[in-house]
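Step one of this worksheet: look at the structure below.
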Amino acid sequence: MDRREIAHVMRTMGALLEIKGEDSFKVRAYEKAAERLAYHDYDLPAMAREGRLVEIPGIGKNLEPKLRELIQTGRSSFLERLFQEVPEGLLDLLRVPGIGPKTARLLHESLGVAGLQDLKVALQEHRVQSLPGLGKKREELMEKGLREIERYSGRLSIGIALPVLENLVGALSLHGVRGEIVGETRRYEETVASLDVLMQEVGGESPASTLARTAILPSASQSSLEQAWDPKDRAFAFRTSFGVALRLHFEDEQAFWARAISLTGPASFVESLAKRAKKKGYRLEERGFYQSDRLVDAGDETGIFGLLDMCFVPPEARHRPELIGLAYLEGGEGEPQEGCERFDFVSTGDIKGDLHVHTSWSDGVAGIEDMVQKARSLGYSYLAITDHATDLKLIRGLTPERLEAQLAEIRDVSRKYPDVRVLTGVEVDILKDGQLYLPDDLLSRLDLVVASVHQDIGDAKGELVNRLVKAVANPNVDLIGHPTGRLIGRRPGHQAGLGPVFEAAAASGTALEINSSPQRLDLPEELAAAALEAGATFAICTDAHSPEILEDMRFGVYASARRAGIPRDKVLNARERPQEAMKKGS
DNA sequence: GCCGTTTTCGGCCCGACTGTTTTCAGTCG
């Protein structure tokens, strides 16, 4: 079981306890433990064996046995008990805006609502507004949120899907078995409906034997493996705790890459590639790349594109038909890969620094020095420390006084690490009237100012676009943080009518963030493409609240920027020197 | 439920907003 899947189960336990009405700090303890497990790479099987799980911060005498069972058997009797008391579907209700644990329980106990489908019906019949404490407004809020949730139901964030599959492929390779990530995950879709890996068949070994030998699914017996095998699909399908299926496809060596192309998709791309093949005298099928009924050994996927006189089309660009046309090298011979600058999108290797991170000066969990050390380990040339300046009380934000104190600490840390330029910055709130939370004279002294909307996200007065335009026009603002404010699968954010913001940003040189957090991916691909069209520049940032999250940069780069076709010269933090990444210079 | 103790229990993420109340519970950032 992947550590992220274990973390997911712990989080589920917490949520179920919350619905049961348990003490909120107890719930919090499960969430904290889950967080810890998700982001730290402990050798869990060894620690479980040696009774050392309690060494993990947040794991005490009560969580230890639950965690150990989960690690060693892939099951949890505690979770199963909880599910007997609280229907699984109630968990989904918690994602609906306006529904917390109390309301979820109320809906269940008085209306028998046990999931999203029940809720939908109850809302349609206006039975929800009759409940004590609820009313018409609440019903409308739920109805609106439900639509957003339905769009993402049964889907898993790329932020979990990708690392889980990378781990799995890594474990396979330790056993000499080749695996490639395919499907939506390979294309960096924001969310995926299934987890797909293509495994190469091992000569003289059945797929079930190969799988049993690699022990990547410790809880699966040989017989259960044989049951999960679908000979027609040539794939195993397993249920995961994430609610999406894990599919392990098998193919022999000769047909491996043809099958990989087919499984990577999307269907429209595979179809047009097959047409191209036909035109070039080949036949591209699901299970082989042929010329006159003979399997062609093209080497790998790139080789197949080459034989079709095409540039390699990166998987994350295959959903865009106009890009496929660009890949054709007519009359082309020789080295198609070299002539493919048209796919020269910004890449993770181009990123020279992160311009939006938090520390324990506001709601981050690590100190400035920890973040700087992590930035160094990633090979960055610069890092901007941008803690919150906000009047939201939950976050202990930076006041002018605390900001002064922080600047002194940044100076000290800077001296210690001369190889990384630590930029002074702030993430300042855009208030309800479009003013910023800190005064201009203070902002003008900082290297970099991120301005973001955290208040009145619901945009009660319909002023959001004006607020953003006002912030963009402020000469002290370098970057607009998570411009739409969406949270994937939870709230849609403001995705319509941002044209004026993009135009203002292009005119003033204020960059727009592509927030790399897999929960946000904001700007999303379509809007990033629109902003690019409008002439805007971008900064791809992680918004990290802990050092590990600095590694999430790739999600912004791939799942938004590259899918939108953004070139590196439009990305501030792909620039070599920090001064170039700041509008004002330094 | 965890942690850190002044070692056996109290603190841990606070407070505005909302819609529903008739004095506030629940949600959310």
Contact summary for A:R105 and A:K20, nearest pair of heavy atoms: NH1-O, 2.9 Å
For atom OH of A:Y30 and atom P of B:dC12, their distance in whole Å: 22 Å
Touch class at under 4.0 angstrom, heavy-atom based, for A:R105 against every strand present: nothing
Polar atom pairs (N or O), protein with nucleotides 3-8 of chain B, under 3.5 Å:
from	atom 1	to	atom 2	distance (Å)
B:dC3	OP1	A:G58	N	2.7

Rounded P spacing from B:dG15 to B:dC9 in Å: 28 Å
Atom-to-atom span, CZ of A:R28 to C1' of B:dG1 - whole angstrom: 12 Å
B:dG1 and B:dT8, which share atom name C1', separated by this distance in whole Å: 15 Å
Side chain to side chain donor-acceptor pair (under 3.5 Å) contacts touching residues 112-124 of chain A (sequence neighbours left out): A:K120-A:E150
Closest to the A:K432 side chain, choosing from B:dG26, B:dC17, B:dG1: B:dC17
Distance-only side-chain donor-acceptor flag, A:T542 / A:D552, under 3.5 Å: no
Candidate nucleotides B:dG29, B:dG26, B:dG1, ranked by approach to the side chain of A:R490 - the nearest: B:dG29
Residue A:P97, side-chain heavy atoms: nucleotide from B:dC17, B:dC28, B:dC12 that is nearest: B:dC28
Gap in Å between the two C1' atoms, one belonging to B:dC12 and one to B:dT5, rounded: 14 Å
Nucleotide B:dG29, atom C1' - distance to NE2 of A:H482 in whole Å: 11 Å
B:dC12 OP1/OP2 closer than 4.0 Å to side-chain N/O of A:S24: no
Distance-only donor-acceptor check, side chains A:R36 and A:Y42, under 3.5 Å: yes
Residues forming a side chain to side chain donor-acceptor pair (under 3.5 Å) with A:D429, sequence neighbours excluded: A:T390, A:H454, A:Q455
Protein-nucleotide distance (A:R95, atom CZ; B:dT27, atom P), rounded to Å: 16 Å
Residue pair A:P97 / A:K144, side-chain heavy-atom distance below 4.5 Å: no
Note: A:E64-A:R68 ion pair, threshold 4.0 Å (strictly below): yes
Nucleotide nearest A:N62 when distance is taken to its side chain, options B:dG1, B:dG26, B:dG29: B:dG1
Could you pull out the protein-nucleic contacts involving nucleotides 19-23 of chain B (nitrogen or oxygen on both sides, under 3.5 Å)?
from	atom 1	to	atom 2	distance (Å)
B:dT20	OP1	A:G135	N	2.6
B:dT20	OP1	A:K136	N	3.0

Contacts of A:Q406 that satisfy side chain to side chain donor-acceptor pair (under 3.5 Å) - sequence neighbours left out: A:D387
Pairs touching residues 121-132 of chain A that satisfy salt bridge (charged side-chain N to carboxylate O under 4.0 Å, His left out), sequence neighbours left out: A:E125-A:R127
